[in-house]
Number of protein chains: 2
Amino acid sequence: MKKKETVTIYDVAREASVSMATVSRAINHNHNVKPETEKKVLDVVKRLNYRPNDVARGLASKKTTTVGVIIPNVTNSYFAALARGIDDIAEMYQYNIILTNSDGDEKKELKALNTLYSKQVDGLIFMGNEISEAVRSDMSNERIPVVLAGSVDSQNQFNSVNIDYRKAVYAQTNELLKNGNDRVAFVASHLNRSINKDYRIEGYKDALRDAGIPFRKTLLFEANEATYDSGYKLRNKLVQEEVTAAIVSNDDVAAGVMNSMSDSGINVPEQFEVATSDNTKLTEMTRPMLSTITQPLYDIGAVSMRLLTKLMKNEEVSERNILLPFGLKDRNSTK
Amino acid sequence: MKKKETVTIYDVAREASVSMATVSRAINHNHNVKPETEKKVLDVVKRLNYRPNDVARGLASKKTTTVGVIIPNVTNSYFAALARGIDDIAEMYQYNIILTNSDGDEKKELKALNTLYSKQVDGLIFMGNEISEAVRSDMSNERIPVVLAGSVDSQNQFNSVNIDYRKAVYAQTNELLKNGNDRVAFVASHLNRSINKDYRIEGYKDALRDAGIPFRKTLLFEANEATYDSGYKLRNKLVQEEVTAAIVSNDDVAAGVMNSMSDSGINVPEQFEVATSDNTKLTEMTRPMLSTITQPLYDIGAVSMRLLTKLMKNEEVSERNILLPFGLKDRNSTK
DNA sequence: CTGAAAGCGCTAACAT
DNA sequence: ATGTTAGCGCTTTCAG
């Protein structure tokens with residue numbers, strides 16, 4: 001195999017007997033190129049096996065056609081679903097994504113932002129359960145567009161796409177209340193994260209109030225992590241508070257609490273009901289299957305990326321905070 | 001907020017009264033810089049809030065410190081686990097990853113490779129159940145290093161990290177045979193993919209042969225997709241062949257066949273045993289829990305990335321095809 | 001230990 | 001419709 005020399009736009013220009021500028025125009029399908037010279041150039045491109053260098057292109061044009069994506073954890077099926085939607089639309093619009101796991105940790109988020117800025121990404125998609133002040137100021141100071149996917153901003157400063165968590169939890173809590181539970185728990189990985197504190201718990205309270213049932217702080221439970229195991233460990237606390245139903249903000253955690261109950265002989269849904277919120281595939285794999293809020297996970301990611309492409313092209317966007325429709329799916333973990 | 005001007009290395013040089021070259025050396029912690037001038041430079045860097053432009057750096061140095069990662073689907077928990085390992089180690093070595101979903105489709109893989117090459121990635125991690133000839137020649141013709149993570153190459157041409165699938169399935173099939181099943185099925189999403197055809201099915205045959213049981217082609221089942229639903233749909237075919245146990249090559253598919261059996265009144269494991277292969281968290285979430293081959297998923301990704309960093313630095317690597325240890329975890333889906 | 005200068009490969013005015 | 005010419009912001013010889 002002969003030594004591989006990098007063939008540049010200059011080589012193409014020489015072989016095609018045109019200028020670099022013309023080659024550039026031809027490969028970028030610029031209108032101002034006579035069809036026959038375009039063909040001539042493209043033929044040489046093919047013959048020399050020329051492939052444009054995006055790095056040089058990026059330096060010259062100040063556009064990298066890559067966007068940064070900050071995700072808590074790809075391993076979390078909720079976020080993974082969004083990521084897939086993001087990548088598909090990115091590809092459709094010729095962008096690539098640099099994916100960085102943050103674990104929802106501010107330090108890691110800041111570090112990621114920094115390297116993403118260095119890499120000159122054209123835009124940013126941020127996923128996380130909260131925007132800390134440091135992250136906020138960091139993202140506000142750069143002029144590259146950002147959109148929050150499945151993530152809220154209490155200050156309402158960034159573009160975002162979500163569902164109406166407050167209304168969704170309200171509706172869901174109502175169902176559990178209607179089934180006769182007056183001690184329904186609310187469990188989340190982190191209670192003080194904005195998405196829970198400002199939205200979901202508010203919806204939970206709304207339902208309680210409408211039903212004339214007092215809100216009890218002791219019925220709020222924290223799993224610490226968005227994992228199956230951390231949900232599984234919650235059983236004793238739940239039992240201690242004589243809870244008969246639970247609204248859970250994450251499917252893995254919900255599966256954990258449900259299995260934990262079942263495994264200890266507590267019948268779900270007869271003696272204990274659990275409802276979850278993401279409608280990931282997992283909700284259909286457990287037995288009983290999990291009743292859940294339904295959200296268009298893939299679409300949240302897809303719409304976020306679509307929004308970002310508009311922002312990156314300085315197009316007008318009608319809605320700054322997009323709310324996608326949600327639903328309630330009744331399965332077997334509730335009566 | 002004042003207009004944001006990009007501050008360049010030149011600005012730093014001017015303010016620090018040194019040359020660009022010195023600034024470059026200082027920020028890259030090159031040894032040949034007097035400590036006090038380094039400090040002087042770094043102070044100015046901080047004061048001006050200078051941040052190096054990685055694109056320019058990439059063009060000048062021909063190193064982008066980003067690696068391309070081709071993954072079938074981030075939504076698949078097996079690959080997601082590898083991806084997390086990859087990203088963590090990448091971050092540790094100051095690399096970023098461009099993630100692209102391929103769905104294991106050759107067309108998409110080729111397209112992804114092409115744009116990744118244009119982006120001048122320093123290395124490539126490829127995940128997929130098979131290397132097609134086109135993909136092979138494409139990857140061979142570039143001089144950037146590639147490592148296959150959790151993916152085999154029948155021609156043994158690329159660096160890789162895996163477990164010994166053949167031995168693992170051999171051991172697993174033995175267990176099922178020992179339990180008295182003489183019609184054990186082998187099910188995979190795609191039977192003719194190299195990882196199945198050349199490794200797992202061979203292990204399955206080895207066990208059959210050692211047990212003196214004839215191999216029957218009719219006991220090989222294909223799910224078509226690596227999804228829960230496609231596994232769920234397999235029940236009738238399995239029942240028709242009077243199979244009493246199954247070795248499944250993917251956790252989601254395994255959950256599907258198991259639940260499908262249970263849902264139709266067939267008791268697992270009493271009347272039907274199922275064993276799976278990835279030990280993703282899902283295996284603990286189903287009821288009964290799934291017996292499985294255990295593989296160090298995160299580590300497969302992590303080790304792959306570590307290997308790649310060595311390759312990118314032209315360091316010697318002792319092993320070209322790394323095999324990580326596997327085990328067998330007996331849970332409740334088998335006797 | 002530091003500076004000068006030449007690119008890296010391409011895009012984008014500005015001409016023509 | 002096409003060519004000329006500057007850079008984009010940095011690294012890297014090569015001198016000194």
Side-chain angles (χ1 to χ4, degrees), chain A residues 4-42 44-45 48-66 94 115 117-122 143-144, chain B residues 4-42 44-45 48-66 94 115 117-122 143-144:
Chain A
K4 181 139 194 168
E5 305 286 348
T6 33
V7 11
T8 75
I9 201 173
Y10 182 75
D11 299 318
V12 177
R14 182 173 26 72
E15 293 290 312
S17 320
V18 295
S19 71
M20 291 167 54
T22 299
V23 175
S24 177
R25 290 186 189 103
I27 62 182
N28 289 313
H29 301 297
N30 186 308
H31 289 306
N32 301 332
V33 182
K34 201 197 302 175
E36 56 185 37
T37 79
E38 171 163 332
K39 183 182 183 321
K40 183 174 60 177
V41 171
L42 264 23
V44 176
V45 163
L48 299 190
N49 216 281
Y50 167 74
R51 176 191 293 136
N53 178 328
D54 279 348
V55 174
R57 199 175 248 182
L59 184 59
S61 70
K62 294 175 178 291
K63 294 245 159 295
T64 54
T65 64
T66 110
Q94 324 250 52
T115 93
Y117 292 144
S118 285
K119 294 243 154 129
Q120 315 295 126
V121 294
D122 294 341
R143 81 265 92 150
I144 70 169
Chain B
K4 180 136 195 170
E5 305 287 347
T6 34
V7 10
T8 75
I9 202 173
Y10 182 75
D11 300 317
V12 176
R14 182 172 26 71
E15 292 290 310
S17 321
V18 295
S19 71
M20 289 167 55
T22 299
V23 175
S24 176
R25 292 186 187 103
I27 62 182
N28 288 314
H29 301 298
N30 185 308
H31 290 307
N32 301 332
V33 182
K34 201 197 302 175
E36 56 184 36
T37 79
E38 172 162 332
K39 183 183 183 319
K40 183 173 61 177
V41 170
L42 264 23
V44 175
V45 163
L48 298 190
N49 216 280
Y50 167 74
R51 176 192 292 136
N53 179 328
D54 279 348
V55 174
R57 200 176 248 183
L59 183 59
S61 70
K62 295 176 176 290
K63 294 247 159 293
T64 55
T65 63
T66 108
Q94 323 252 51
T115 93
Y117 292 144
S118 285
K119 293 242 155 132
Q120 313 295 127
V121 294
D122 295 340
R143 81 264 91 152
I144 70 169

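In what follows, chains are A, B, ... by sequence order, proteins preceding strands, each numbered from 1.
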Asks: Out of C/dT11, D/dG9, D/dT11, which nucleotide sits closest to the side chain of A/R57?
Replies: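 Of the options given, the side chain of A/R57 lies nearest C/dT11.
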Asks: Where do A/L59 and B/L59 come nearest, in terms of heavy atoms and distance?
Replies: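 Scanning both residues, the minimum pair turns out to be CD2-CD2, 3.4 Å.
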Asks: Can you list, in residue-number order, the parts of residues 11-25 of chain B that come under 4.0 Å of DNA chain D, counting heavy atoms only?
Replies: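 Output list: B/M20, B/A21, B/S24, B/R25.
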Asks: Can you see if the side chain of B/K62 gets near the phosphate of C/dG9 - specifically, an N or O under 4.0 Å from OP1 or OP2?
Replies: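 Result: yes.
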Asks: Nearest 0.5 Å please: distance from the CE atom of B/M20 over to the CG atom of B/D11.
Replies: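 Rounded to the nearest 0.5 Å, the CE-CG separation comes out at 10.5 Å.
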Asks: Considering the terminal five base pairs at each end of the helix from C/dC1-D/dG16 to C/dT16-D/dA1, what angle separates the two local helix axes, rounded to 10°?
Replies: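 Computed from the C1' atoms at both ends, the axes differ by 30°.
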Asks: Of all heavy-atom pairs between B/I27 and B/R57, which one has the smallest distance, and what is that distance?
Replies: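 It is CD1-NH2, 3.8 Å.
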Asks: Under 4.0 Å between a side-chain N/O of B/T6 and OP1 or OP2 of D/dG9, yes or no?
Replies: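 For B/T6, the contact criterion (side-chain N or O under 4.0 Å from OP1 or OP2 of D/dG9) is met.
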Asks: Taking the nucleotide of DNA chain C with the nearest heavy atom to each, does B/K34 or B/L59 sit closer to the 5' end?
Replies: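 Looking at the nearest nucleotide for each, B/K34 comes out on the 5' side.
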Asks: Return the value, rounded to whole Å, for the distance between atom CG of A/D54 and atom P of C/dC10.
Replies: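 Answer to the nearest Å: 9 Å.
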Asks: Please state whether the phosphate of D/dT12, meaning OP1 or OP2, lies under 4.0 angstrom from any side-chain nitrogen or oxygen of B/S61.
Replies: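 For B/S61, the contact criterion (side-chain N or O under 4.0 Å from OP1 or OP2 of D/dT12) is not met.
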Asks: Closest approach to the side chain of B/I27, judged atom by atom: which nucleotide of D/dT11, D/dA1, C/dT2 is it?
Replies: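 For B/I27, the side-chain atoms sit closest to D/dT11.
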Asks: Determine whether A/N49 and A/V7 make a side-chain contact, defined as any pair of heavy atoms from C-beta on separated by less than 4.5 Å.
Replies: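 Of all side-chain heavy-atom pairs linking A/V7 with A/N49, none is under 4.5 Å.
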Asks: Classify B/N28 by what it touches in the nucleic acid, base, sugar-phosphate, or nothing, heavy-atom distance under 4.0 Å.
Replies: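 Sugar-phosphate only.
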Asks: Assign each of B/N32 and B/A56 to its nearest nucleotide of DNA chain C by heavy atoms, then name whichever residue's nucleotide is nearer the 5' end.
Replies: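 Upstream on the strand: B/N32.
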Asks: Any non-hydrogen side-chain atom of A/E38 less than 4.5 Å from a side-chain atom of A/H29?
Replies: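 Sidechains of A/H29 and A/E38: in contact.
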Asks: Side-chain donor-acceptor pair under 3.5 Å between A/T65 and B/K119, yes or no?
Replies: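 Their side chains do contain a donor-acceptor pair, which is all the 3.5 Å distance test asks for.
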Asks: Expressed as a whole number of angstroms, how long is the span from B/I9:CD1 to C/dG3:P?
Replies: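 Result: 12 Å.
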Asks: Rounded to whole Å, please give me the gap between CG in A/N30 and P in D/dA1.
Replies: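 It works out to 9 Å between those atoms.
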Asks: What pair of heavy atoms forms the shortest contact from A/V41 to A/A26, and how long is it?
Replies: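 Smallest interatomic distance, heavy atoms only, reads CG1-CB, 3.7 Å.
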Asks: Taking the side chain from A/N30 and the backbone from A/N32, do they hold a donor-acceptor pair closer than 3.5 Å?
Replies: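 A pair under 3.5 Å: yes.
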Asks: Hey, does the side chain of B/N53 come within less than 4.0 Å of D/dC10's phosphate (OP1/OP2), counting only N and O?
Replies: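 No, B/N53 has no side-chain N/O under 4.0 Å of OP1/OP2 on D/dC10.
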Asks: C/dT11 P sits how many Å from A/H29 NE2, rounded?
Replies: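 The answer, rounded to whole Å, is 12 Å.
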Asks: Measure from OH on A/Y50 to C1' on C/dG9 and round the result to the nearest Å.
Replies: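 After rounding, the gap between these two atoms is 7 Å.
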Asks: Could you pull out the closest heavy-atom pair between B/V23 and B/I9, with the gap in Å?
Replies: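 The pair with the smallest heavy-atom distance is CG1-CG1, 3.4 Å.
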